[in-house]
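Note sheet for the following structure.
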Amino acid sequence: RETCLATYLLSGISCPSAARPSIKGQPATPAEPFGDEALEFVKDQIKQSEVEIEVESCDIAGNFIGYLFVEDKNMSVDLVKEGLAKMHFTAERGKYYDHLSRAESDAKAAQKRVWKDYVETVVEKEETSEISNNNITDSTPALTDVVVTHIEACSKLWVQ
């Protein structure tokens with residue numbers, strides 16, 4: 001029997017890193033502010049729970065990128081709502097952009113954790129140009145139910 005680790009990155013957010021111990025000669029790294037708290041929040045939410053993942057893509061290192069759901073709650077949105085993460089600019093292309101944007105606005109208004117010192121700045125807009133409907137494309141991903149039949153080398157998987 002083989003053990004395989006599949007790294008899964010939550011899409012649409014930028015989350016502070018938790019502390020990491022020294023491994024194989026690599027120095028230990030301290031936690032970023034709220035990083036350990038974010039890790040504990042996720043552990044508390046998903047430990048001993050059935051989760052559903054929605055893979056959007058894979059990065060160059062072979063990490064899966066997507067959304068994780070626990071009891072129909074989007075973990076990316078929950079982290080942002082709790083002020084434990086910020087919305088990443090790539091979220092604008094995702095189908096949960098509205099949810100993430102609303103969660104971030106609420107966290108900013110409540111000055112939760114990463115937003116504790118946030119001061120809103122007003123930027124005056126100059127003239128805005130009209131956007132035609134011809135320039136708008138649908139970014140909704142096509143979803144297909146699959147069954148994972150084989151995982152190889154921790155970065156390749158076969159599905160039916």
- Item | Nearest atoms (heavy-atom pairs only) where Q45 meets S49 | O-OG, 3.5 Å
- Item | From CD1 (I65) to CD (E56), nearest 0.5 Å | 8.0 Å
- Look only at the side chain of D106 and the backbone of K81, and say whether a donor-acceptor pair between them is shorter than 3.5 Å. no
- Query: How far apart are the closest heavy atoms of Y118 and Q111, and which atoms are they?
  - Reply: O-NE2, 2.7 Å
- Query: Is a salt bridge present between K95 and E54, judged by a nitrogen-to-oxygen distance below 4.0 Å?
  - Reply: yes
- Between OG of S11 and CG of N74, what distance do you get to the nearest 0.5 Å? 9.0 Å
- Message: Can you pull out every ring-ring contact (aromatic ring centres under 6.0 Å, His included) where at least one residue sits in residues 3-58? Sequence neighbours excluded, please.
- Response: none
- Task: Let me see the working for M75 and V70 under side-chain contact (heavy atoms from CB on, under 4.5 Å), right down to the final yes or no.
- Result: CA-CA 7 Å; M75 191 57 52; V70 180; 4.0 Å; yes
- State whether R113 and E82 are salt-bridged, where the test is any N-O pair (Lys NZ or Arg NE/NH1/NH2 against Asp/Glu carboxylate O) under 4.0 Å. yes
- Message: In the structure I gave you, are the side-chain heavy atoms of K86 and V114 within less than 4.5 Å of one another anywhere?
- Response: yes
- Heavy-atom pair with the smallest gap, counting every atom of S76 and Y67: OG-CD2, 3.8 Å
- Decide whether V51 and L39 are clustered together by the hydrophobic rule: side chain heavy atoms of Ile, Leu, Val, Met, Phe, Trp, Tyr closer than 4.5 Å, transitively. no
- Item | Exercise: identify the closest heavy-atom pair between L9 and D59 | CD1-OD2, 3.6 Å
- Without swapping roles, check the side chain of E104 against the backbone of V80 for a donor-acceptor pair under 3.5 Å. no
- Task: Indicate, with yes or no, if I46 and V77 share a hydrophobic cluster defined by side-chain heavy-atom contacts under 4.5 Å among Ile, Leu, Val, Met, Phe, Trp and Tyr.
- Result: yes
- Okay, side chain of E52, backbone of F69: is any donor-acceptor separation there less than 3.5 Å? no
